[in-house]
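What follows is one structure encoded as structure tokens, with my remarks underneath.
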Amino acid sequence: MTPISIAFLPLTDCAVLVAAKEKGFAAEAGFDLRLIRTTSWAETRDRLVYGQAEAAHLLAPLAVGVTLGISQHRCALAAPFKLNVNGNIFVMGTEFAQALDPDPIRRLEDPLATAHDFASAIGLYRRKPIIGMVHRLSSHALTLRYWLASAGIDPDRDVSMPVLPPSFMSDALRAGEIDGYIAGSPWGLVAVDQGLAETVMVSARIWQRGVEKLLAFREEWMEANPEIVDRLIVALSAAAAWCDEPGNREELARLLSAPEYINLDPRIILPSLSGRFPVRAGAPLADVPDAMIFHREAAGFPWRSQALWIYSQFVRWGFIKASAENEQIAGNVFRSDVYRRALGASGLPMPGASMKLEGSLSTPLPVGSSSGTLTLGPDRFFDGRVFDPARIEEYLAGFAT
Amino acid sequence: MRIVIVDDSGLRATVLEDGLREAGYDDIHVVPPHGAWVAKLERMAPDVVLMDLGSPSRDTLEEMLAVSRALARPIAMFVDQSDETMIGAAIDAGVSAYVVDGLRKERVKPVLDLAIRRFRAFASMQAELNEARTALAERKTIDRAKAILMESRNLSEADAYSLLRSTAMNQSRRIIEVAEALITASDLLGGKS
């Protein structure tokens, strides 16, 4: 057995790791998998960066940020596999939500209108709303900034965004320390369940196929252990297929609910897997069919264009200066080459390219793949913009107007 | 050198503070991570911030380090990134340190060494305390189970205990598990104890 330690944060999207351990995918592949539960993203990052875990369940923008040297100690990270697509939920306290469309399902259906309602609601509020973020370098922060900015809100000026671990958000809301928060499932739903907050937006309605959590390694370790890395990716890919199976959702929710993982009632976890969840206590459920994707559409494939989208947003918000060097470093964090090497013989449909236009598909599209048929799901941004990784400067200039 | 300890477990902060004072550091402040603690920290302008590696407040602090104007000088987690032994020891012990960039390594190293030792000492104290608590709770449970057997089966205390022990051995379970099962069963059947 090969011992391997993976650090994770308690979230629905650590599902693939939990299934790999609990359903035997890791053991079958010869791994003695140890999952290290951490409390904050800073801790997950440090355990990976300083070698206390071989791999980590990590926010995609944090992996890019650590590699670029904008989150404490600079360390080259590499992500050959994505653990999921989508999954974040933005909730605001019931008082603030009163200023938005009274029909909470309509809010989700029209992100553009809701962004403008949100801008007006800020004006009506007695002070700057305080929105809890799970990390400055998170997909949550980047998609929320993107969405708010579409209605003329300057996220650095018009709202304040303190950082808290996802599992602490609902308590902070109850204590009045924040007015709302965006967090990965199931933590957004905890406050809704308690009647403290209402869902305002879900990340899948801002970007239909948003990049979320990665399996990240230190690049140096990954390069030195190709056999272990490939074998692990194969095992995790099988676990991801199991997680995506609708018939396994109830069991998966139960596995995740254990104290050593999320430590929450499976009743709260299940909706984030099924995509049918409450937006307001007692109101009809919303349907978000692609709320979280683990395996289908080659969800695990790390498109380099997605790493570059993250880089483009870092530049947009002034986290880093635009340069050819930074662009290259960021793009290299996503290792589609290693994914191909590991899963090439598996018979899974393999994308023919490593980059694509992000946000160009409004309907599912069969694409070139080396084996079988690969259909990519709709991946539009709600405002219809398309990210061309070859024309980042032009893309960014488009936001200035 | 001004050292701030961010901690809301009073005991650990005291253990660490005492150690630092004994070693001759006298500009030490303990800040619990509640309310406007980051603003307080900014006003204090510390040279070194020590906190629990697993503390949820680290994310809050790092966010402030990224955007704060008052703490404009960059802060690094460890002074000397090449000292892998020390970094490993710090993480094992659960110490995270934020140090003002430019502070000399020789000045910070003894502080970190001490913090690592004290965090370790605190962790083993906690472990001992938990063990003692568990042992006490287990003894109480076993005593209750013995009392049930003594009353319902009219056994002596020694016989009650040996019955528990032989049952546990026959079922390959721990005595405490058998005792708990017995108490549950007795409660269900409306037993007095």
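All values below come from the heavy atoms of this structure, side chains included, with hydrogens, waters and symmetry mates left out. Here is how names work: the chains are called A, B, and so on, in the same order as the sequence lines, proteins then strands, and each is numbered from 1.
- Across A/T39, A/V134, A/D156, A/T44, the residue that shares the most heavy-atom pairs under 4.5 angstrom with chain B is A/T39.
- B/I87 CD1 to A/H73 NE2: the interatomic distance, rounded to the nearest 0.5 Å, is 6.5 Å.
- Atom CG of A/D154 is surrounded by more than 12 heavy atoms from other residues, nucleotides or ligands within 6.0 Å.
- To the nearest 0.5 Å, the span separating CD on B/E62 from OG on A/S40 amounts to 7.5 Å.
- Counting only heavy atoms from C-beta outward, the side chains of B/M64 and A/V163 never approach each other to under 4.5 Å.
- Contacts of B/E131 classified as side-chain contact (heavy atoms from CB on, under 4.5 Å), with partners at least two apart in sequence or in another chain: none.
- Within a 6.0 Å radius of CD in A/Q194, more than 12 heavy atoms belonging to other residues, nucleotides or ligands are found.
- Other residues, nucleotides and ligands place more than 12 heavy atoms under 6.0 Å from the CZ atom of B/R21.
- Neither the backbone nor the side chain of A/M133 comes within contact range of chain B; no heavy atom of the residue lies under 4.5 Å from a heavy atom of that chain.
- The salt bridge (charged side-chain N to carboxylate O under 4.0 Å, His left out) test applied to B/R153 returns no partner, not counting sequence neighbours.
- Shown here for B/G54 and A/E43, the closest heavy-atom pair between the two residues is CA-OE1, 3.4 Å.
- Around the CD atom of B/E106, the shell of radius 6.0 Å holds more than 12 heavy atoms that belong to other residues, nucleotides or ligands.
- Dense packing is recorded around CE of B/M1, with more than 12 heavy atoms of other residues, nucleotides or ligands lying under 6.0 Å away.
- If you measure heavy-atom distances from A/Q52 to chain B, the contacts under 4.5 Å come from the side chain alone.
- Annotation for B/D59 and A/A42: closest pair OD1-N, 3.0 Å, computed over non-hydrogen atoms.
- With a threshold of 4.5 angstrom between heavy atoms, B/S57 does not approach chain A through any atom at all.
- Using a 4.0 Å cut-off between a side-chain N of Lys or Arg and a carboxylate O of Asp or Glu, A/D46 and B/R58 qualify as a salt bridge.
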